[in-house]
Undergrad: 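Just dropping this structure here.
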Number of protein chains: 2
Amino acid sequence: MTEKELRLKTAEIEKISHLDYFNIAISVDCVIFGYDEKELKVLLIKSDLEEFAGLHSLLGDLIRPDEDLETASYRILKERTELDDVYLEQVQAFGSINRHPSGRVITIAYYSLIDIKNHKLQLNHNQLNWHPVNTIRKLAFDHKLILDTCLKRLQEQVMETPVVFNLLPEKFSLRELQELYEAILGVELDRRNFRKKISIKDWLVDMDEMENDVPHRPGKLYRLKAEHKRNNPLTARI
Amino acid sequence: MTEKELRLKTAEIEKISHLDYFNIAISVDCVIFGYDEKELKVLLIKSDLEEFAGLHSLLGDLIRPDEDLETASYRILKERTELDDVYLEQVQAFGSINRHPSGRVITIAYYSLIDIKNHKLQLNHNQLNWHPVNTIRKLAFDHKLILDTCLKRLQEQVMETPVVFNLLPEKFSLRELQELYEAILGVELDRRNFRKKISIKDWLVDMDEMENDVPHRPGKLYRLKAEHKRNNPLTARI
DNA sequence: ACAAAAGTGTTACTCCTACACCCATGA
DNA sequence: TCATGGGTGTAGGAGTAACACTTTTGT
């Protein structure tokens, strides 16, 4: 190796030699899960690309040069849903060469959880709608793969960390919580064992309140302990 | 919403409107773990950027417009180590705005596992060297964070899936395997319990051979069952 | 009174942990 | 013969799964 090759480059010089490579675009796609009517749903938009006419796609956008990955995901969420106090978690990058017909676009997938009923979105315009996750067969781009990957990640995390509470209203009964777990995991759970498991985790506070709109014996209401709430770290910093 | 706004765009038209965004570069960084002398090591290179003079960095490179993420990682591995029959797994994207002094570079981190002794690298030139993982304090860019994240992922996967065998020679004794687990997890393990746990997983084949270069009673040699071997999916396809 | 779900404990089983002795080999 | 690790089993504890009856409320 020669003296010349060993000489340190400055970042400026390196940048010039890299200019050829600045022609891959990079986007964020958000798998926004919601829960309503005992079903896990995902927020989809009608694709506006001719190539995918009739198909739906995830919410996504290109990342701007001056925003980091999290900022971009929160921006997309905010633009499309008006929400910014939301749980978001990165899952994986997807970068097959031909995944996007416009050119080379690498995307980074995030999943997000929101309580459908408490965050009424303006769904009527911009072709945005909730779709039950297990009715979805085909999406634009590789978005079905992204959805499946994010759902799998959600399923893995659900018993480990208190994330699902983002899908529920502030107060909820143990029955509602169990139905949510069943919807996410796609299995039936034993009521007594489920309650034991949850109570061991020590995530909940008994609110000394009862359900009052149910046509049967009302259950106690609980909420997530404040210490386990995870919101948007960007707004939390303010 | 007007008729015009509703009209579908073609991908071609969309591409034009996105041109502004094609100025983020995207790279792959590989955390290449190796195992030798009872220590978990990682392959690092002296940074060639003035800004990081004296620091080491992971092996990485910009992704070319015509290669997908996996291809890029395997290319980097191949260029730097001459190896292409290797386990590689995507961990996460890192995209803070100022993580790279040359400009905006989003990177996708992969980890890789290779058997140091069986794959003698040309370490002498190009400033490439193995470093014990737990002696590393500071790296160029955000590479320490990337390393820590990848190590955590490796630790999570190690008991779930048979990945660690990529760090060992074809034949190995249970002692060697246990020492490897201890190095990765950073804890001591009970010999009897470890052997039970491994035997339940049914990953290994008894080779009816003994160690022969040890200064004590030799142990049996095992190898990973063929059905659990995971190699480079790109070369495997050929 | 009936329907619907709330609330609650025990038993059996599985899994995990902690722990100690004799054996085979090389020096 | 000594040093080194190989090889093995068991008992106690923790956690998990299966399972049924009584209670409360609304209709």
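Keep in mind that this is a model prediction, so the values were computed, not measured.
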Undergrad: Give a yes or no answer on whether the side chain of A:Tyr111 reaches the backbone of A:Tyr87 with a donor-acceptor pair at less than 3.5 Å.
TA: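 The answer is no, because no donor-acceptor pair under 3.5 Å joins these two groups.
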Undergrad: Please state how far atom CZ in A:Arg191 lies from atom C1' in D:dT23, giving the value in whole angstrom units.
TA: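 My rounded result for the distance is 12 Å.
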Undergrad: Under 4.0 Å from a heavy atom of chain A: give me the 5'-most and 3'-most nucleotides of DNA chain C that qualify.
TA: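 The contact span of chain A on DNA chain C goes from C:dA4 to C:dT10.
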Undergrad: Once you apply a heavy-atom cut-off of 4.0 Å, does B:Arg175 come out as touching a base, just sugar-phosphate, or nothing?
TA: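 Sugar-phosphate, backbone atoms only, no base.
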Undergrad: Taking only Lys NZ, Arg NE, NH1 and NH2, and the carboxylate oxygens of Asp or Glu, determine whether B:Arg175 and B:Glu211 approach each other closer than 4.0 Å.
TA: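 Yes, charged N to carboxylate O under 4.0 Å.
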Undergrad: Hey, which of A:Lys196, A:Arg191, A:Lys197 is the one that makes side-chain hydrogen bond (donor to acceptor under 3.5 Å, both in side chains) with A:Asn193?
TA: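 Exactly one candidate clears the test, A:Lys196.
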Undergrad: Indicate the atoms forming the closest heavy-atom contact of A:Leu147 with A:Phe33, along with that distance.
TA: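 Closest pair (atom of A:Leu147, atom of A:Phe33, distance): CD1-CE2, 3.9 Å.
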Undergrad: In whole angstrom, give the distance that lies between atom CZ of A:Arg195 and atom P of D:dC19.
TA: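 So the two atoms are 19 Å apart, to the nearest Å.
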Undergrad: Does a side-chain heavy-atom distance below 4.5 Å link A:Leu180 with A:Val164?
TA: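 Yes, side chains in contact.
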Undergrad: Between B:Asn193 (CG) and D:dG13 (P), how many Å, whole number?
TA: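 Going from B:Asn193 (CG) to D:dG13 (P), I get 16 Å.
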Undergrad: Roughly how far, to the nearest 0.5 Å, is the CD1 atom of B:Ile32 from the CD1 atom of B:Ile76?
TA: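 B:Ile76 CD1 to B:Ile32 CD1: 8.5 Å, rounded to 0.5 Å.
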Undergrad: What is the distance, rounded to the nearest whole Å, between atom NZ of A:Lys196 and atom C1' of D:dT16?
TA: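 That distance rounds to 8 Å.
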Undergrad: Ignoring hydrogens and geometry, is there a side-chain-to-backbone donor-acceptor pair from A:Arg223 to A:Asp206 under 3.5 Å?
TA: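 No, because the side chain of A:Arg223 does not come within donor-acceptor range (under 3.5 Å) of the backbone of A:Asp206.
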Undergrad: What is the distance, to the nearest angstrom, from the CG atom on A:Leu189 to the P atom on D:dA18?
TA: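 So the two atoms are 11 Å apart, to the nearest Å.
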Undergrad: Nearest whole Å is fine: how far is D:dA17 P from A:Arg192 CZ?
TA: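 The answer, rounded to whole Å, is 14 Å.
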Undergrad: Regarding B:Thr107 and B:Ser27, do their side chains bring together a donor and an acceptor under 3.5 Å, going by distance alone?
TA: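 Indeed, the side chains of B:Thr107 and B:Ser27 share at least one donor-acceptor pair under 3.5 Å.
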Undergrad: With a 6.0 Å cut-off on ring centres, are A:Phe165 and A:Phe172 close enough?
TA: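 Yes, close enough.
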Undergrad: What's B:Lys197 touching, base or sugar-phosphate or nothing? Going by heavy atoms closer than 4.0 Å.
TA: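 Sugar-phosphate, no base atom in range.
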Undergrad: Tell me the interatomic distance from B:Leu177, atom CG, to D:dG6, atom P, rounded to whole angstroms.
TA: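 In whole Å, D:dG6 P lies 12 Å from B:Leu177 CG.
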Undergrad: Could you summarise the pairing of DNA chain D as dot-bracket text, marking Watson-Crick and G-U pairs under 3.5 Å with ( ) or [ ] inside the strand and | across strands?
TA: |||||||||||||||||||||||||||
Undergrad: Regarding A:Asp68 and B:Ser96, do their side chains bring together a donor and an acceptor under 3.5 Å, going by distance alone?
TA: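 No, no side-chain donor-acceptor pair sits under 3.5 Å.
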Undergrad: Check each residue of residues 203-224 of chain B for a non-hydrogen atom within less than 4.0 Å of any atom in DNA chain C, then write out the ones that pass by number, or none.
TA: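 Those residues whose heavy atoms fall under 4.0 Å from DNA chain C, taken from residues 203-224 of chain B in numerical order, are B:Val214, B:Pro215, B:His216, B:Arg217, B:Pro218.
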Undergrad: With the side chain counted from C-beta on, respond yes when A:Ser57 and A:Phe52 share a heavy-atom pair under 4.5 Å apart, and no when they do not.
TA: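 A:Ser57 does not reach A:Phe52 side chain to side chain.
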